[in-house]
Enquirer: 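Below is the structure I would like to discuss, written out as C-alpha coordinates.
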Amino acid sequence: MNKRLVEIRKRKEEIRSALQGNGKVDLKALQAELEQLDAEQTDIEAREAMASAINLGAEPEQVELRAKPVAKAEHSGSPYESNEYRQAFMKYVMRGTQIPVELRAATTTTDAGAIIPPTTLNRIIEKVRTYGNILPLVTRTAYKTGLAIPTSDVKPVATWVAEGATSTKQNKALGSITFSHFKLRCAVAVTLETENMTLSAFEDVLVSNVAEAMAVALEEAIVSGTGSGQPTGILHDLDKGTAINVSKLAYKTIIDAEAAIPQAYEAGSVWVMNKPTFMQFLGMTDSNGQPIARVNTGVNGVPSRVLLGRNVVLCDYLPTFTSTLKKTDVFAFIFRMKDYVLNTNYSVAMKVYEDNDTDDIVRKSIMIADGKPVDFNSLVLLTGSAT
(Lines give C-alpha, C1' and ligand atoms only; values in the text may rest on other atoms or scores of the structure.)
Protein backbone atom coordinates (compact mmCIF):
# COMPACT_ATOMS: atom_id res chain seq x y z
CA MET A 1 0.00 0.00 0.00
CA ASN A 2 1.18 3.53 -0.75
CA LYS A 3 2.91 5.03 2.25
CA ARG A 4 1.10 8.31 1.83
CA LEU A 5 -2.28 6.52 1.91
CA VAL A 6 -1.35 5.01 5.27
CA GLU A 7 -0.48 8.47 6.58
CA ILE A 8 -3.75 9.93 5.28
CA ARG A 9 -5.88 7.23 6.91
CA LYS A 10 -3.99 7.57 10.17
CA ARG A 11 -4.54 11.32 10.17
CA LYS A 12 -8.27 10.80 9.49
CA GLU A 13 -8.46 8.51 12.53
CA GLU A 14 -6.82 11.22 14.64
CA ILE A 15 -9.32 13.81 13.40
CA ARG A 16 -12.25 11.51 14.14
CA SER A 17 -10.96 10.88 17.69
CA ALA A 18 -10.59 14.63 18.21
CA LEU A 19 -14.15 15.27 17.04
CA GLN A 20 -15.57 12.53 19.27
CA GLY A 21 -13.66 13.79 22.30
CA ASN A 22 -14.66 16.53 24.71
CA GLY A 23 -11.78 18.88 23.98
CA LYS A 24 -11.98 22.10 21.99
CA VAL A 25 -11.40 21.76 18.24
CA ASP A 26 -11.26 24.16 15.30
CA LEU A 27 -14.08 22.77 13.15
CA LYS A 28 -13.34 24.94 10.13
CA ALA A 29 -9.67 23.98 10.11
CA LEU A 30 -10.46 20.28 10.51
CA GLN A 31 -13.08 20.43 7.75
CA ALA A 32 -10.63 22.10 5.37
CA GLU A 33 -7.97 19.51 6.23
CA LEU A 34 -10.42 16.64 5.65
CA GLU A 35 -11.38 18.00 2.26
CA GLN A 36 -7.72 18.24 1.28
CA LEU A 37 -7.04 14.69 2.53
CA ASP A 38 -10.08 13.33 0.61
CA ALA A 39 -8.92 14.98 -2.60
CA GLU A 40 -5.37 13.66 -2.19
CA GLN A 41 -6.60 10.15 -1.32
CA THR A 42 -8.89 10.05 -4.37
CA ASP A 43 -6.04 11.10 -6.64
CA ILE A 44 -3.63 8.50 -5.22
CA GLU A 45 -6.19 5.68 -5.45
CA ALA A 46 -6.99 6.58 -9.06
CA ARG A 47 -3.30 6.55 -9.98
CA GLU A 48 -2.75 3.20 -8.27
CA ALA A 49 -5.75 1.67 -10.02
CA MET A 50 -4.48 2.84 -13.40
CA ALA A 51 -0.95 1.57 -12.67
CA SER A 52 -2.30 -1.79 -11.54
CA ALA A 53 -4.26 -2.18 -14.77
CA ILE A 54 -1.19 -1.38 -16.85
CA ASN A 55 0.81 -4.05 -15.02
CA LEU A 56 -1.87 -6.59 -15.94
CA GLY A 57 -1.33 -5.84 -19.62
CA ALA A 58 -4.28 -3.55 -20.30
CA GLU A 59 -3.90 -0.40 -22.34
CA PRO A 60 -4.51 2.84 -20.41
CA GLU A 61 -7.33 3.70 -22.81
CA GLN A 62 -9.07 0.39 -22.00
CA VAL A 63 -9.02 0.75 -18.24
CA GLU A 64 -12.31 2.65 -18.06
CA LEU A 65 -13.99 0.29 -20.54
CA ARG A 66 -13.17 -2.80 -18.49
CA ALA A 67 -13.83 -1.27 -15.09
CA LYS A 68 -17.17 0.40 -15.86
CA PRO A 69 -18.66 -0.78 -19.14
CA VAL A 70 -22.18 0.32 -18.12
CA ALA A 71 -21.22 3.96 -17.80
CA LYS A 72 -19.80 4.01 -21.33
CA ALA A 73 -22.80 2.24 -22.83
CA GLU A 74 -25.34 4.36 -21.01
CA HIS A 75 -24.47 7.70 -22.56
CA SER A 76 -23.21 7.96 -26.08
CA GLY A 77 -23.45 11.76 -26.03
CA SER A 78 -21.85 14.17 -23.57
CA PRO A 79 -19.47 12.47 -21.09
CA TYR A 80 -20.84 14.77 -18.39
CA GLU A 81 -24.20 12.95 -18.50
CA SER A 82 -22.69 9.66 -17.30
CA ASN A 83 -23.56 8.29 -13.88
CA GLU A 84 -19.88 8.25 -12.96
CA TYR A 85 -19.40 11.94 -13.63
CA ARG A 86 -22.64 12.80 -11.84
CA GLN A 87 -21.50 10.86 -8.75
CA ALA A 88 -18.14 12.63 -8.84
CA PHE A 89 -19.88 15.99 -9.24
CA MET A 90 -22.07 15.26 -6.19
CA LYS A 91 -18.96 14.54 -4.07
CA TYR A 92 -17.37 17.75 -5.38
CA VAL A 93 -20.40 19.81 -4.30
CA MET A 94 -20.93 18.10 -0.94
CA ARG A 95 -17.37 17.51 0.25
CA GLY A 96 -15.14 19.43 -2.13
CA THR A 97 -13.56 16.23 -3.48
CA GLN A 98 -11.80 17.01 -6.73
CA ILE A 99 -13.19 15.54 -9.95
CA PRO A 100 -10.84 12.70 -11.06
CA VAL A 101 -8.37 13.71 -13.78
CA GLU A 102 -9.71 11.21 -16.33
CA LEU A 103 -13.23 12.64 -15.95
CA ARG A 104 -11.96 16.20 -16.41
CA ALA A 105 -9.91 15.37 -19.50
CA ALA A 106 -12.43 16.87 -21.92
CA THR A 107 -12.63 20.17 -20.05
CA THR A 108 -10.87 22.89 -22.06
CA THR A 109 -10.88 25.52 -19.33
CA THR A 110 -8.43 25.19 -16.48
CA ASP A 111 -10.10 27.61 -14.06
CA ALA A 112 -13.39 25.68 -13.80
CA GLY A 113 -13.72 23.44 -10.74
CA ALA A 114 -16.39 21.23 -12.33
CA ILE A 115 -18.85 21.27 -15.21
CA ILE A 116 -22.46 20.92 -14.08
CA PRO A 117 -23.96 17.69 -15.47
CA PRO A 118 -26.80 18.46 -17.92
CA THR A 119 -29.03 15.94 -16.11
CA THR A 120 -28.78 18.01 -12.94
CA LEU A 121 -30.49 20.89 -14.76
CA ASN A 122 -33.51 18.85 -15.90
CA ARG A 123 -36.74 20.34 -14.64
CA ILE A 124 -40.23 20.76 -16.03
CA ILE A 125 -42.01 23.97 -15.11
CA GLU A 126 -45.79 23.71 -14.87
CA LYS A 127 -48.61 25.77 -13.49
CA VAL A 128 -49.48 24.62 -9.97
CA ARG A 129 -53.08 24.22 -8.87
CA THR A 130 -54.66 23.48 -5.51
CA TYR A 131 -56.35 20.16 -4.91
CA GLY A 132 -56.68 17.50 -2.22
CA ASN A 133 -58.44 19.64 0.42
CA ILE A 134 -61.91 18.16 -0.04
CA LEU A 135 -61.23 14.51 -0.87
CA PRO A 136 -59.91 13.55 2.61
CA LEU A 137 -63.02 14.97 4.33
CA VAL A 138 -65.75 12.91 2.66
CA THR A 139 -66.82 9.40 3.65
CA ARG A 140 -65.07 6.77 1.52
CA THR A 141 -66.59 3.34 0.88
CA ALA A 142 -65.62 0.46 -1.41
CA TYR A 143 -68.80 -1.56 -1.97
CA LYS A 144 -70.01 -3.17 -5.16
CA THR A 145 -72.35 -1.31 -7.49
CA GLY A 146 -75.88 -1.09 -6.10
CA LEU A 147 -74.97 0.05 -2.58
CA ALA A 148 -78.13 1.43 -0.94
CA ILE A 149 -78.12 3.68 2.14
CA PRO A 150 -81.46 3.79 4.03
CA THR A 151 -82.78 7.26 4.78
CA SER A 152 -85.64 8.63 6.82
CA ASP A 153 -86.98 12.12 7.44
CA VAL A 154 -89.43 11.06 10.16
CA LYS A 155 -88.60 10.27 13.78
CA PRO A 156 -91.10 8.84 16.27
CA VAL A 157 -92.60 11.28 18.80
CA ALA A 158 -93.21 10.40 22.45
CA THR A 159 -96.48 11.63 24.05
CA TRP A 160 -97.68 11.86 27.64
CA VAL A 161 -100.65 9.55 28.36
CA ALA A 162 -102.97 8.94 31.27
CA GLU A 163 -102.80 5.84 33.45
CA GLY A 164 -103.87 2.75 31.48
CA ALA A 165 -104.04 4.70 28.21
CA THR A 166 -102.03 4.01 25.08
CA SER A 167 -100.47 6.13 22.37
CA THR A 168 -100.88 6.20 18.61
CA LYS A 169 -98.75 3.72 16.67
CA GLN A 170 -96.40 5.55 14.34
CA ASN A 171 -95.03 4.28 11.05
CA LYS A 172 -91.31 4.59 10.30
CA ALA A 173 -91.08 5.46 6.59
CA LEU A 174 -87.76 4.60 5.00
CA GLY A 175 -86.24 5.64 1.71
CA SER A 176 -82.85 4.82 0.23
CA ILE A 177 -80.00 6.28 -1.78
CA THR A 178 -78.56 3.87 -4.33
CA PHE A 179 -75.08 4.21 -5.81
CA SER A 180 -74.42 3.50 -9.46
CA HIS A 181 -71.00 3.34 -11.16
CA PHE A 182 -69.22 5.82 -13.41
CA LYS A 183 -65.81 5.40 -14.99
CA LEU A 184 -63.15 8.06 -14.53
CA ARG A 185 -60.25 7.69 -16.94
CA CYS A 186 -57.07 9.63 -17.63
CA ALA A 187 -54.56 8.59 -20.29
CA VAL A 188 -51.43 10.41 -21.41
CA ALA A 189 -49.45 9.32 -24.47
CA VAL A 190 -45.96 10.31 -25.55
CA THR A 191 -44.16 9.25 -28.69
CA LEU A 192 -41.59 6.49 -28.51
CA GLU A 193 -38.86 8.98 -29.44
CA THR A 194 -39.82 11.31 -26.60
CA GLU A 195 -39.98 8.42 -24.13
CA ASN A 196 -36.40 7.44 -24.88
CA MET A 197 -34.80 10.84 -25.49
CA THR A 198 -36.54 13.36 -23.22
CA LEU A 199 -35.58 14.72 -19.82
CA SER A 200 -35.08 12.29 -16.97
CA ALA A 201 -37.74 14.15 -14.94
CA PHE A 202 -40.39 13.61 -17.62
CA GLU A 203 -41.75 10.25 -16.43
CA ASP A 204 -42.20 11.37 -12.81
CA VAL A 205 -44.04 14.49 -13.96
CA LEU A 206 -46.40 12.45 -16.14
CA VAL A 207 -47.33 10.12 -13.28
CA SER A 208 -47.89 13.12 -11.00
CA ASN A 209 -50.05 14.81 -13.67
CA VAL A 210 -52.31 11.77 -14.02
CA ALA A 211 -52.79 11.44 -10.26
CA GLU A 212 -53.56 15.15 -9.98
CA ALA A 213 -56.08 14.99 -12.84
CA MET A 214 -57.94 12.12 -11.15
CA ALA A 215 -58.07 13.93 -7.78
CA VAL A 216 -59.24 17.21 -9.34
CA ALA A 217 -62.00 15.46 -11.31
CA LEU A 218 -63.25 13.71 -8.15
CA GLU A 219 -63.27 16.91 -6.11
CA GLU A 220 -65.06 18.87 -8.82
CA ALA A 221 -67.71 16.14 -8.96
CA ILE A 222 -68.09 16.19 -5.16
CA VAL A 223 -68.79 19.93 -5.22
CA SER A 224 -70.81 20.37 -8.40
CA GLY A 225 -71.21 17.02 -10.17
CA THR A 226 -74.30 16.66 -12.35
CA GLY A 227 -75.09 13.03 -11.51
CA SER A 228 -75.20 12.20 -15.22
CA GLY A 229 -72.16 10.15 -16.15
CA GLN A 230 -70.45 11.37 -12.98
CA PRO A 231 -71.13 11.54 -9.22
CA THR A 232 -73.81 13.87 -7.86
CA GLY A 233 -72.39 17.02 -6.32
CA ILE A 234 -73.34 18.79 -3.11
CA LEU A 235 -74.56 21.79 -5.14
CA HIS A 236 -76.43 19.82 -7.80
CA ASP A 237 -79.87 20.53 -6.32
CA LEU A 238 -80.10 24.10 -5.07
CA ASP A 239 -83.51 23.35 -3.51
CA LYS A 240 -81.73 21.30 -0.86
CA GLY A 241 -80.48 22.97 2.29
CA THR A 242 -80.91 26.66 3.13
CA ALA A 243 -80.05 29.32 0.55
CA ILE A 244 -79.10 32.88 1.53
CA ASN A 245 -79.00 35.53 -1.19
CA VAL A 246 -76.10 37.93 -0.67
CA SER A 247 -75.72 41.33 -2.37
CA LYS A 248 -72.81 42.48 -0.21
CA LEU A 249 -70.46 40.61 2.09
CA ALA A 250 -70.89 41.73 5.67
CA TYR A 251 -70.71 40.49 9.24
CA LYS A 252 -74.45 39.78 9.11
CA THR A 253 -73.84 37.38 6.18
CA ILE A 254 -71.86 35.06 8.45
CA ILE A 255 -74.34 35.44 11.32
CA ASP A 256 -77.28 34.47 9.07
CA ALA A 257 -75.39 31.46 7.72
CA GLU A 258 -74.44 30.25 11.20
CA ALA A 259 -78.02 30.68 12.39
CA ALA A 260 -79.24 28.44 9.55
CA ILE A 261 -77.17 25.45 10.72
CA PRO A 262 -79.16 23.10 12.99
CA GLN A 263 -77.45 22.69 16.34
CA ALA A 264 -77.22 18.92 15.85
CA TYR A 265 -75.05 19.52 12.76
CA GLU A 266 -72.70 22.08 14.30
CA ALA A 267 -69.83 19.66 14.88
CA GLY A 268 -67.92 18.77 11.74
CA SER A 269 -69.53 21.33 9.42
CA VAL A 270 -67.04 23.48 7.51
CA TRP A 271 -67.04 26.46 5.20
CA VAL A 272 -66.10 25.85 1.56
CA MET A 273 -65.07 28.78 -0.66
CA ASN A 274 -62.18 29.96 -2.80
CA LYS A 275 -59.30 32.04 -1.45
CA PRO A 276 -60.28 35.42 -2.97
CA THR A 277 -63.71 35.17 -1.30
CA PHE A 278 -62.14 34.30 2.06
CA MET A 279 -59.78 37.26 1.78
CA GLN A 280 -62.83 39.54 1.47
CA PHE A 281 -64.04 38.24 4.84
CA LEU A 282 -60.58 38.53 6.40
CA GLY A 283 -60.74 42.28 6.91
CA MET A 284 -64.18 42.31 8.56
CA THR A 285 -64.75 42.85 12.29
CA ASP A 286 -67.69 42.43 14.63
CA SER A 287 -69.29 45.19 16.70
CA ASN A 288 -66.46 44.93 19.24
CA GLY A 289 -63.78 45.30 16.61
CA GLN A 290 -62.78 41.64 16.74
CA PRO A 291 -61.91 40.03 13.37
CA ILE A 292 -64.39 37.41 12.23
CA ALA A 293 -61.80 35.62 10.10
CA ARG A 294 -58.42 34.36 11.24
CA VAL A 295 -55.45 32.57 9.71
CA ASN A 296 -53.47 30.52 12.21
CA THR A 297 -50.31 28.53 11.58
CA GLY A 298 -50.44 24.91 12.74
CA VAL A 299 -47.61 22.88 14.23
CA ASN A 300 -46.58 21.69 10.76
CA GLY A 301 -46.60 25.23 9.39
CA VAL A 302 -49.75 24.78 7.28
CA PRO A 303 -52.15 27.76 7.52
CA SER A 304 -55.44 27.01 9.29
CA ARG A 305 -58.24 29.36 8.22
CA VAL A 306 -61.19 30.04 10.52
CA LEU A 307 -64.33 32.09 9.93
CA LEU A 308 -66.14 33.05 13.15
CA GLY A 309 -64.80 29.91 14.81
CA ARG A 310 -65.63 27.53 11.93
CA ASN A 311 -62.88 25.95 9.80
CA VAL A 312 -62.62 27.05 6.18
CA VAL A 313 -61.70 24.67 3.35
CA LEU A 314 -60.39 26.45 0.26
CA CYS A 315 -60.95 25.15 -3.26
CA ASP A 316 -60.86 26.47 -6.81
CA TYR A 317 -64.21 24.98 -7.87
CA LEU A 318 -66.37 27.93 -6.75
CA PRO A 319 -66.62 31.46 -8.20
CA THR A 320 -65.31 34.52 -6.39
CA PHE A 321 -68.00 36.72 -4.84
CA THR A 322 -69.02 39.77 -6.83
CA SER A 323 -72.20 41.83 -6.77
CA THR A 324 -73.09 40.53 -10.24
CA LEU A 325 -73.49 36.87 -9.19
CA LYS A 326 -76.95 35.45 -9.78
CA LYS A 327 -79.19 33.62 -7.33
CA THR A 328 -78.19 30.37 -9.02
CA ASP A 329 -74.46 31.06 -8.47
CA VAL A 330 -73.17 29.55 -5.23
CA PHE A 331 -69.92 31.18 -4.12
CA ALA A 332 -69.66 29.58 -0.65
CA PHE A 333 -71.44 26.97 1.44
CA ILE A 334 -71.39 25.24 4.81
CA PHE A 335 -71.65 21.45 4.85
CA ARG A 336 -70.75 18.52 7.07
CA MET A 337 -68.46 16.79 4.58
CA LYS A 338 -68.78 13.33 6.14
CA ASP A 339 -72.41 13.36 4.90
CA TYR A 340 -71.07 12.95 1.35
CA VAL A 341 -70.33 9.32 0.47
CA LEU A 342 -67.86 8.51 -2.30
CA ASN A 343 -68.07 4.85 -3.26
CA THR A 344 -65.16 3.40 -5.24
CA ASN A 345 -65.27 -0.29 -6.11
CA TYR A 346 -62.49 -0.46 -8.70
CA SER A 347 -59.37 1.59 -9.20
CA VAL A 348 -56.15 1.15 -11.11
CA ALA A 349 -53.30 3.33 -9.88
CA MET A 350 -51.35 3.27 -13.15
CA LYS A 351 -51.01 1.09 -16.23
CA VAL A 352 -48.35 1.59 -18.90
CA TYR A 353 -48.67 0.09 -22.38
CA GLU A 354 -47.55 0.69 -25.95
CA ASP A 355 -49.96 1.61 -28.73
CA ASN A 356 -48.98 -0.78 -31.52
CA ASP A 357 -50.44 1.48 -34.23
CA THR A 358 -48.61 4.66 -33.29
CA ASP A 359 -45.76 3.31 -31.11
CA ASP A 360 -46.83 5.79 -28.42
CA ILE A 361 -46.16 4.96 -24.77
CA VAL A 362 -49.47 5.41 -22.91
CA ARG A 363 -49.89 5.82 -19.16
CA LYS A 364 -53.46 5.19 -18.08
CA SER A 365 -55.33 5.43 -14.80
CA ILE A 366 -58.93 4.21 -14.35
CA MET A 367 -61.38 4.50 -11.47
CA ILE A 368 -65.01 3.39 -11.16
CA ALA A 369 -66.82 5.53 -8.61
CA ASP A 370 -70.06 7.20 -7.64
CA GLY A 371 -70.84 9.71 -4.96
CA LYS A 372 -73.89 11.39 -3.44
CA PRO A 373 -74.77 13.61 -0.50
CA VAL A 374 -76.78 11.48 1.92
CA ASP A 375 -77.85 14.22 4.33
CA PHE A 376 -78.56 17.85 3.40
CA ASN A 377 -79.54 19.13 6.84
CA SER A 378 -76.18 20.83 7.40
CA LEU A 379 -76.12 22.51 3.97
CA VAL A 380 -76.22 26.32 3.90
CA LEU A 381 -75.69 28.02 0.54
CA LEU A 382 -74.48 31.57 -0.05
CA THR A 383 -75.55 32.73 -3.48
CA GLY A 384 -75.57 35.97 -5.43
CA SER A 385 -78.66 38.21 -5.48
CA ALA A 386 -78.81 39.32 -9.11
CA THR A 387 -81.61 37.96 -11.27
Side-chain angles (χ1 to χ4, degrees), residues 1-124 198-205 207-208 297-302:
M1 180 181 294
N2 188 292
K3 182 179 179 181
R4 179 54 184 161
L5 278 179
V6 176
E7 294 175 353
I8 290 174
R9 291 175 182 174
K10 183 178 179 181
R11 178 54 185 159
K12 285 184 175 180
E13 287 291 339
E14 294 173 354
I15 294 175
R16 181 167 64 180
S17 299
L19 291 172
Q20 292 175 343
N22 297 325
K24 277 192 172 184
V25 293
D26 188 342
L27 291 178
K28 290 185 178 180
L30 291 180
Q31 184 178 5
E33 185 179 355
L34 276 174
E35 291 175 353
Q36 184 178 356
L37 291 174
D38 284 338
E40 188 177 355
Q41 181 179 348
T42 301
D43 188 61
I44 293 174
E45 289 175 347
R47 292 171 60 183
E48 285 194 344
M50 186 176 297
S52 176
I54 294 174
N55 291 336
L56 293 176
E59 294 294 333
E61 296 79 16
Q62 297 174 341
V63 172
E64 192 63 31
L65 290 174
R66 290 190 177 185
K68 297 186 180 284
V70 177
K72 289 293 184 180
E74 181 183 356
H75 294 278
S76 58
S78 172
Y80 305 111
E81 293 182 357
S82 66
N83 284 332
E84 185 177 9
Y85 184 84
R86 288 156 62 188
Q87 290 285 344
F89 179 79
M90 179 183 68
K91 293 179 181 178
Y92 173 77
V93 173
M94 295 177 62
R95 298 191 291 270
T97 304
Q98 292 297 321
I99 304 292
V101 177
E102 60 271 20
L103 294 179
R104 289 188 282 120
T107 307
T108 57
T109 57
T110 58
D111 57 345
I115 293 181
I116 299 176
T119 307
T120 306
L121 302 177
N122 287 353
R123 185 179 179 188
I124 297 178
T198 191
L199 303 177
S200 60
F202 195 61
E203 182 175 356
D204 290 340
V205 171
V207 174
S208 176
T297 302
V299 177
N300 57 356
V302 177

Enquirer: Just verifying a value: how many Å separate Q31 CD and D26 CG, rounded to the nearest 0.5 Å?
Expert: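 These two atoms lie 10.5 Å from each other.
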Enquirer: Listed by chain and number, what are the side chain to side chain donor-acceptor pair (under 3.5 Å) partners of R11, not counting sequence neighbours?
Expert: E14, E33
Enquirer: As a test of understanding, state which of D43, D38, I44 forms a side chain to side chain contact (heavy atoms under 4.5 Å, CB included) with E40.
Expert: I44
Enquirer: Go through the structure and list residues passing side chain to side chain donor-acceptor pair (under 3.5 Å) with E45, not counting sequence neighbours.
Expert: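 Partners of E45 under the side chain to side chain donor-acceptor pair (under 3.5 Å) test: Q41.
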Enquirer: Charged N to carboxylate O below 4.0 Å: is that the case for E13 and K10?
Expert: no
